[in-house]
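Below, read A as the first sequence line, B as the second, and so on, with proteins coming before strands; counting in each chain starts at 1.
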Protein chains: 2
Amino acid sequence: MNQYWEKIKKAGLKLTPRRKAIVDIFIKLNRYASAEDVWEILSKKFKRCGLPGVYRNLESLVDCGVLAKVEKFDNKKYYALCLAGSSHHHHIVCLNCDKVEDISCYAGESLKKIKGFKVLNHFFQASGICAACARGGKA
Amino acid sequence: MNQYWEKIKKAGLKLTPRRKAIVDIFIKLNRYASAEDVWEILSKKFKRCGLPGVYRNLESLVDCGVLAKVEKFDNKKYYALCLAGSSHHHHIVCLNCDKVEDISCYAGESLKKIKGFKVLNHFFQASGICAACARGGKA
DNA sequence: ATTCTAAATGGAAATAATTTCTATTTAGAG
DNA sequence: CTCTAAATAGAAATTATTTCCATTTAGAAT
């Protein structure tokens with residue numbers, strides 16, 4: 001029972017073979033992926049496997065905190081394993097290898113009021129080159 | 001020749017009736033809008049008016065700095081008038097009236113290196129309730 | 001172990017957003 | 001006024017995602 005399975009159970013979701021496999025795929029990938037990416041890999045393991053089911057599972061895994069959404073700003077949805085707890089945090093993405101890491105939120109008091117707005121939410125995401133890629137780890 | 005028209009000309013784009021009308025729509029709206037929103041309004045002014053043309057124009061207006069993209073994280077594209085110059089900045093969106101305002105970027109030295117990543121880009125967007133809506137301006 | 005029920009699933013089809021393509025029109029330089 | 005590259009309309013294609021419904025299954029209760 002790993003930390004991800006625990007999150008799934010804790011949310012009252014069933015720990016299905018499909019969900020275990022999807023978590024496994026993300027652990028092995030170590031980067032963000034689209035529903036179609038996941039479906040392609042999952043299809044090798046399960047002969048009968050629909051894309052709608054993958055979409056449903058990715059959403060439920062986001063809901064229970066196992067996955068986080070990653071933005072590529074191209075009108076597609078991307079997901080990555082979320083190691084951080086349920087506390088508010090952000091993500092940094094490697095432009096070379098697509099790896100995603102959790103980063104804590106820097107927001108302080110100054111973010112409660114901006115330009116007369118009462119600020120309720122904010123989204124932050126950084127991208128760049130991770131240490132491994134900078135060393136030529138993959139290129 | 002207002003500031004928006006100037007930006008269009010400066011980018012080497014033609015100042016067409018369609019583009020003038022789109023800028024005008026955003027000035028009057030004073031909030032972000034989707035391609036379809038713009039198309040609906042534009043259709044009242046021009047009987048022959050295609051959605052693909054609206055998409056093309058919105059993109060070209062972003063390219064020349066007249067419009068900015070706004071994220072609603074729903075896999076649709078949204079646009080708003082961009083008053084700020086070409087310098088790096090962000091946006092804050094009113095959840096009640098959809099108004100968008102430019103905000104300056106707070107990023108300092110600490111944002112150059114995060115978790116070993118060499119940070120190249122970042123995206124920030126805040127949302128909340130604007131002063132007018134807080135006063136019950138529209139609700 | 002067996003039963004039971006809500007949740008999960010597959011797959012077809014629908015929906016929604018956006019882009020491509022091609023022929024026609026037009027802004028604006030000369 | 002002419003000319004050309006840029007802009008346009010509209011149909012059709014593409015892409016991503018969701019809905020629908022009939023079937024299966026995880027896991028709680030027995």
Side-chain angles (χ1 to χ4, degrees), chain A residues 1-2 4-25 32-64 66-67 69-79, chain B residues 1-2 4-25 32-64 66-67 69-79:
Chain A
M1 179 72 80
N2 68 39
Y4 305 112
W5 297 13
E6 270 171 31
K7 281 185 184 175
I8 293 170
K9 298 289 287 182
K10 200 168 290 180
L13 297 172
K14 291 184 181 176
L15 192 53
T16 65
R18 211 47 61 99
R19 286 194 179 128
K20 289 181 192 171
I22 291 175
V23 169
D24 213 47
I25 284 169
Y32 67 78
S34 68
E36 200 171 352
D37 294 335
V38 171
W39 175 68
E40 261 177 49
I41 300 170
L42 205 59
S43 295
K44 291 173 189 160
K45 207 165 198 164
F46 302 87
K47 52 261 135 250
R48 317 184 90 241
C49 179
L51 202 39
V54 173
Y55 273 101
R56 272 186 309 250
N57 271 321
L58 292 174
E59 279 308 307
S60 64
L61 291 171
V62 168
D63 290 345
C64 71
V66 169
L67 298 180
K69 290 190 179 183
V70 171
E71 276 298 324
K72 257 185 90 177
F73 306 104
D74 65 349
N75 286 26
K76 279 181 67 172
K77 290 181 175 167
Y78 296 91
Y79 304 84
Chain B
M1 180 72 80
N2 68 38
Y4 305 113
W5 297 13
E6 270 172 32
K7 280 185 184 176
I8 292 169
K9 297 289 285 184
K10 199 169 290 180
L13 298 172
K14 290 183 181 177
L15 193 53
T16 66
R18 211 46 62 96
R19 288 196 177 124
K20 289 182 193 171
I22 290 175
V23 169
D24 212 46
I25 284 169
Y32 68 79
S34 68
E36 199 170 353
D37 294 336
V38 172
W39 175 67
E40 260 177 48
I41 301 170
L42 205 61
S43 295
K44 290 174 189 159
K45 208 165 197 165
F46 301 86
K47 53 263 132 251
R48 317 185 89 239
C49 180
L51 201 39
V54 173
Y55 273 101
R56 272 186 308 254
N57 271 321
L58 292 174
E59 279 308 306
S60 64
L61 290 171
V62 168
D63 289 345
C64 71
V66 169
L67 299 180
K69 289 190 179 183
V70 172
E71 276 297 324
K72 258 185 92 176
F73 305 103
D74 65 349
N75 285 29
K76 279 182 66 172
K77 289 182 176 168
Y78 296 90
Y79 303 84

Round to a whole Å and report the spacing from [atom1] of [X] to [atom2] of [N].
X       : N      : atom1 : atom2 : result
B/Leu13 : C/dA29 : CG    : C1'   : 16 Å
B/Lys69 : C/dA17 : NZ    : P     : 16 Å
A/Lys76 : D/dT15 : NZ    : P     : 10 Å
B/Leu58 : D/dT8  : CG    : C1'   : 14 Å
A/Asp74 : D/dA16 : CG    : P     : 8 Å
B/Glu36 : C/dT19 : CD    : P     : 14 Å
B/Asp63 : D/dA6  : CG    : P     : 14 Å
A/Arg48 : C/dT9  : CZ    : C1'   : 10 Å

Short side-chain N/O contact to D/dG27 OP1/OP2 from A/Lys9, under 4.0 Å: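 Result: yes.
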Has A/Thr16 got a side-chain N or O lying under 4.0 Å from the OP1 or OP2 atom of C/dT9?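 Result: yes.
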Per [X] side chain, nearest of listed nucleotides [options]:
X       : options                : value
A/Asn75 : C/dA17, D/dT17, D/dA26 : C/dA17
A/Pro52 : D/dT18, D/dG27, C/dA29 : D/dT18
A/Tyr55 : D/dA9, D/dA16, C/dA17  : D/dA16

Side chain to side chain contact (heavy atoms under 4.5 Å, CB included), that's the test. Do A/Ile22 and A/Val66 meet it? Break it down for me. CA-CA 10 Å; A/Ile22 291 175; A/Val66 169; over 6 Å; no
Between A/Pro17 and B/Arg19, name the one whose nearest nucleotide on DNA chain D is closer to the 5' end.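 Final value for this comparison: B/Arg19.
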Pairwise 5' ranking along DNA chain C for B/Lys20 and B/Ser34, keeping only the more 5' one: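 Looking at the nearest nucleotide for each, B/Ser34 comes out on the 5' side.
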Looking at every strand, decide which applies to B/Lys14 at a 4.0 Å heavy-atom threshold: base, sugar-phosphate, or nothing.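 Answer is base: heavy atoms of B/Lys14 come under 4.0 Å of a base.
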A/Arg56 near the nucleic acid: base, sugar-phosphate alone, or nothing, with a heavy-atom cut-off under 4.0 Å?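 The answer is base, as A/Arg56 lies within the cut-off (heavy atoms under 4.0 Å) of a base atom.
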Quick one: does B/Trp39's side chain have a donor or acceptor within less than 3.5 Å of a partner on B/Cys49's backbone?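 Checking the backbone N and O of B/Cys49 against the side chain of B/Trp39, a donor-acceptor pair under 3.5 Å is found.
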Side-chain donor-acceptor pair present, A/Glu71, A/Tyr32, cut-off under 3.5 Å: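 The criterion, which ignores hydrogens and geometry beyond distance, is not satisfied for A/Tyr32 and A/Glu71.
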Test B/Leu58 against B/Lys77 for side chain to side chain contact (heavy atoms under 4.5 Å, CB included), laying out the working first. CA-CA 10 Å; B/Leu58 292 174; B/Lys77 289 182 176 168; over 6 Å; no
Once rounded to the nearest 0.5 Å, what's the spacing between atom SG of A/Cys64 and atom CG of A/Leu13?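 It comes to 5.5 Å.
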